[in-house]
Asks: 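Before we start, here is the structure in question, set down as structure tokens.
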Amino acid sequence: MGRFVARRLLQMIPVFLGTTLLIFVMVHALPGDPVAALWGEKAPDPAQLAARKHQLGLDKPMLQQYFDYMSGMFTGDFGKTLAGRPVLDVITEALPVTIRLALFAFAIEIVLGIGIGLFAGLRRGKAFDKGALVITLLLISIPVPVLGFIFQTVFADDLKWVTPTVQDSNDITQLMLPAFVLGSLSLAYVARLTRTSIAENIKADYVRTAVAKGLPRRKVIGTHLLRNSLIPVITFLGTDLGALMGGAIVTEGIFNVKGVGNALYHAINLKEGSTVSGFVAFLVLVYLAAGLIVDLLYAVLDPRIRYA
């Protein structure tokens, strides 16, 4: 197991460097001069423009800029925005909001998705199962912006249960509606994956053997059936946590959540490569860590799995 973890950690290094380099190059390839945009509609003085670019290090070759940026990142220096604000301040201000939103959505999809899938799988072909399939199909079919608008109209405008947009991004109670919208698609997939896995494994020999031994139904379902059925679900959930944080860009825009989505949107518009690369670096680390945790959970869920 130790060798497997060490090998995976080493594999993360080229993936991390390659991804951040790709994003850095793509941001710098966007048309327009981000420094000249600081002067607005006025034409900047060439000397002032050159001095500002030299101050920000934007007069260096792109690969040199990337090397300087990565060197600073490993020492805690993420550079500065075009306005002169430390990028680390922008990241530390926006990330906690998006992390709370993503974890809230993650908890919703785990509890509701696995719960609905479990009951639907145990009652395959019955009314609950058919209803679950219809509801999850609707959630998969409706785009997130449309679903967000529907939820705003129903729960905010008609029922007056919540405000249409988030007034305080640090108030977790106000994140409930955007969290459900963010996790709705994943919830539907988790429910369907769980339902299918449960319906298939309930006919397996080890389940029939457990029932024949006279084990309580709760133990048969919880210890034998559900544990083995969750392996494909865990695979999906592992990659979905990073996807939720990335997908929060659209949801945060709909509900005016001051998180990574808003910060990334403005940073991309302003061509602030340091800010974009900082957020992307964090999201890449989340993806890589989640993938490693999923692989380790396989051995926990299925004792037959061993790593050399």
Side-chain angles (χ1 to χ4, degrees), residues 98-148 150-151 154-155 172-173 175-202 204 207 217-218 220-252 254-255 257 283 286-287 289-291 293-298 300-302:
T98 299
I99 290 175
R100 282 195 295 269
L101 178 62
L103 290 178
F104 202 169
F106 195 64
I108 290 175
E109 71 176 76
I110 288 177
V111 175
L112 293 182
I114 294 179
I116 293 174
L118 174 61
F119 285 106
L122 294 175
R123 294 165 175 78
R124 185 174 184 178
K126 297 184 179 180
F128 183 89
D129 179 35
K130 295 178 180 178
L133 290 176
V134 172
I135 293 174
T136 53
L137 180 60
L138 288 175
L139 291 177
I140 293 173
S141 304
I142 302 176
V144 171
V146 176
L147 187 65
I150 293 174
F151 273 56
V154 174
F155 294 104
I172 194 170
T173 59
L175 297 179
M176 182 177 298
L177 192 61
F180 189 86
V181 173
L182 176 61
S184 60
L185 179 61
S186 299
L187 185 155
Y189 282 125
V190 169
R192 283 177 165 259
L193 275 174
T194 306
R195 180 253 182 195
T196 302
S197 190
I198 290 290
E200 290 178 354
N201 289 329
I202 200 171
V207 175
R217 178 176 173 81
R218 180 179 300 178
V220 173
I221 294 175
T223 304
H224 298 277
L225 178 60
L226 184 60
R227 182 175 176 178
N228 288 279
S229 300
L230 284 181
I231 292 179
V233 180
I234 292 296
T235 303
F236 175 81
L237 290 174
T239 58
D240 189 56
L241 183 57
L244 286 176
M245 297 191 66
I249 296 176
V250 176
T251 308
E252 287 179 359
I254 298 172
F255 292 95
V257 180
L283 294 177
V286 170
Y287 268 107
I293 293 173
V294 167
D295 289 340
L296 296 178
L297 283 176
Y298 286 160
V300 176
L301 292 173
D302 191 344

Asks: Which distance, rounded to the nearest 0.5 Å, do you find between the CZ of Arg195 and the CD1 of Ile116?
Replies: 13.0 Å
Asks: If you measure from CG on Asp129 to CD1 on Ile198, what distance do you get to the nearest 0.5 Å?
Replies: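 Asp129 atom CG to Ile198 atom CD1 measures 12.0 Å (nearest 0.5 Å).
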Asks: Would you give the length of the straight line joining atom CG of Leu103 to atom CG of Leu244, rounded to the nearest 0.5 angstrom?
Replies: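 Reported to 0.5 Å precision, the distance equals 9.0 Å.
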Asks: Counting only N and O atoms by type, is there a donor-acceptor contact under 3.5 Å from the side chain of Ser184 to the main-chain atoms of Val181?
Replies: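 The answer is yes, because a donor-acceptor pair under 3.5 Å joins these two groups.
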Asks: Do the non-hydrogen side-chain atoms of Leu139 and Tyr189 ever get within less than 4.5 Å of each other?
Replies: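 Heavy-atom side-chain distance check fails, nothing below 4.5 Å.
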Asks: Can you give me the closest heavy-atom contact between Ala188 and Thr136, atom names plus distance?
Replies: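 Residues Ala188 and Thr136, closest heavy atoms: CB-O, 3.5 Å.
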Asks: In Å and rounded to the nearest 0.5 Å, what is the CD1 to CG distance from Ile135 to Leu137?
Replies: 11.0 Å
Asks: Hey, could you give me the OG1/CG distance between Thr196 and Asn201, rounded to the nearest 0.5 Å?
Replies: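 The OG1 atom of Thr196 sits 10.5 Å away from the CG atom of Asn201.
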Asks: Report yes if the side chains of Leu230 and Leu237 come closer than 4.5 Å at any heavy-atom pair, otherwise no.
Replies: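 Not in contact.
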Asks: With a 4.5 Å cut-off on side-chain heavy atoms, are Pro145 and Val250 touching?
Replies: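 Side-chain contact under 4.5 Å: yes.
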Asks: If you look at every heavy atom in Ala105 and Ala179, which pair is closest and at what distance?
Replies: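 Nearest pair, atom of Ala105 first, then Ala179: CB-O, 3.2 Å.
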Asks: Are any of the side-chain heavy atoms of Val190 and Ile110 separated by less than 4.5 Å?
Replies: no
Asks: Would you sort out whether Ser186 and Phe236 count as a side chain to side chain contact (heavy atoms under 4.5 Å, CB included), showing the intermediate values?
Replies: CA-CA 9 Å; Ser186 299; Phe236 175 81; 4.1 Å; yes
Asks: Do Pro178 and Phe151 make a side-chain contact, defined as non-hydrogen atoms from C-beta onward lying under 4.5 Å apart?
Replies: no
Asks: Would Arg192 and Ile140 count as a side chain to side chain contact (heavy atoms under 4.5 Å, CB included) if you check the C-alpha gap in whole Å, the side-chain angles of each, and the deciding distance to 0.1 Å?
Replies: CA-CA 11 Å; Arg192 283 177 165 259; Ile140 293 173; 3.8 Å; yes
Asks: Once rounded to the nearest 0.5 Å, what's the spacing between atom CZ of Phe180 and atom OG1 of Thr251?
Replies: 12.5 Å
Asks: If only atom types and distance count, is the side chain of Ser197 paired as donor or acceptor with the main-chain N or O of Leu193 below 3.5 Å?
Replies: no
Asks: Under the side chain to side chain contact (heavy atoms under 4.5 Å, CB included) rule, what do Ile221 and Leu118 come out as? Steps first, then yes or no, please.
Replies: CA-CA 9 Å; Ile221 294 175; Leu118 174 61; 4.1 Å; yes
Asks: Please determine whether the number of non-hydrogen atoms from other residues, nucleotides or ligands lying under 6.0 Å from atom CZ of Phe155 exceeds 12.
Replies: yes
Asks: I need the minimum non-hydrogen distance between Leu225 and Ser229, along with the two atoms involved.
Replies: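 Heavy-atom minimum between the residues: O-OG, 2.7 Å.
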